[in-house]
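This report concerns only the one structure given below.
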Amino acid sequence: MKSLPHKIVAMAAQMPEGSILSADILFSLGSRNAVDQALSRLAKSGALMRVGRGLYVKPIQTRFGERAPDPHKVVTSLASQAGETMVIGEAAAANALGLTTQVPMRPVYLSSGVSRRLQLGRQVVEIRHAPRWKLALANREAGTALRAMAWAGAERAQTVASQLSQRMSPSQLAELSSVSTRYMPAWMSRALRQMSAHG
């Protein structure tokens with residue numbers, strides 16, 4: 001009969017890269033306390049990586065040695081398990097759309113849940129609680145444009161809105177115009193209205 005740590009390792013091996021392992025999803029294998037202890041032992045032995053409180057991932061084996069899983073895959077798995085909305089941060093959105101060549105020093109994600117940090121090897125991933133309007137159109141290109149305008153701030157949002165409206169399709173502009181501006185800052189509402197006028 002396989003021991004609890006062996007069962008956890010076997011389950012981890014079947015899961016996609018970046019999948020979060022926690023006592024919450026391993027409850028069928030044993031008691032909460034036993035699973036917590038097994039996860040902790042596996043992290044100490046190097047079979048798993050502890051990325052946050054009670055959160056573990058399987059390291060990826062490559063011909064150059066072990067590496068941490070892709071941060072985006074870890075965040076996507078965490079969002080799914082926690083039932084939260086998580087999207088790339090404003091600066092990353094601006095970079096993805098070519099508005100800035102600066103790449104954030106560390107990956108930042110906006111979340112409907114609590115703020116926290118994940119430690120993926122030497123890399124820190126920052127998850128920041130964000131207001132609902134910044135999470136609108138999650139994982140849609142129109143949503144990325146919205147977060148890029150948020151990155152631009154009050155002084156540049158309308159300039160950025162004008163730039164982006166030239167590149168976006170009518171359907172993407174229509175998506176943006178459907179976003180509620182009720183809880184947005186006034187400058188952001190104006191920038192969105194300006195984009196809608198181009199649709």
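Taking all atoms of both residues into account, the shortest heavy-atom contact from P5 to A38 is CG-CB, 4.2 Å. Nearest heavy atom pair, residue P71 against residue Y109, reads C-OH, 4.3 Å. What you find for V160 and A152 is that their closest heavy atoms are CG2-CB, 3.6 Å. In terms of heavy atoms, A148 sits closest to L97 at CB-CD1, 4.0 Å. Contact record, Q172 with A142: O-CB, 3.7 Å, taken as the closest heavy-atom pair. Considering all non-hydrogen atoms of both residues, W133 and Y183 come closest at CD1-O, 3.6 Å.
Cluster membership check: V125 does not share its hydrophobic cluster with Y56, using side-chain heavy-atom separations under 4.5 Å among Ile, Leu, Val, Met, Phe, Trp and Tyr. One hydrophobic cluster holds both L164 and M188 under the rule that ILVMFWY side chains link at heavy-atom gaps under 4.5 Å.
Residue L146 is tested with M184, R140, E175 for a side-chain contact (heavy atoms from CB on, under 4.5 Å); the sole match is M184. Here the rule is side-chain contact (heavy atoms from CB on, under 4.5 Å) with L21, and of L26, L55, V35 only L26 fits it.
Within the 4.5 Å cutoff, the side chain of L48 has no heavy atoms near those of the V57 side chain.
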Subject >> CA sep, side-chain torsions, deciding dist, call: M86, L110, side chain to side chain contact (heavy atoms under 4.5 Å, CB included) >> reply: CA-CA 5 Å; M86 292 188 192; L110 308 181; over 6 Å; no

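Taking 4.0 Å as the cut-off between side-chain N and carboxylate O, R67 and E17 count as a salt-bridged pair. Of the charged side-chain nitrogens involved, none lies within less than 4.0 Å of a carboxylate oxygen, so that E90 and R147 do not count as a salt-bridged pair.
Counting non-hydrogen atoms of other residues, nucleotides and ligands closer than 6.0 Å to CD of Q102 gives a total of 12 or fewer.
Sequence neighbours left out, the pairs with a member in residues 110-125 that pass salt bridge (Lys or Arg N to Asp or Glu O under 4.0 Å) are E84-R116.
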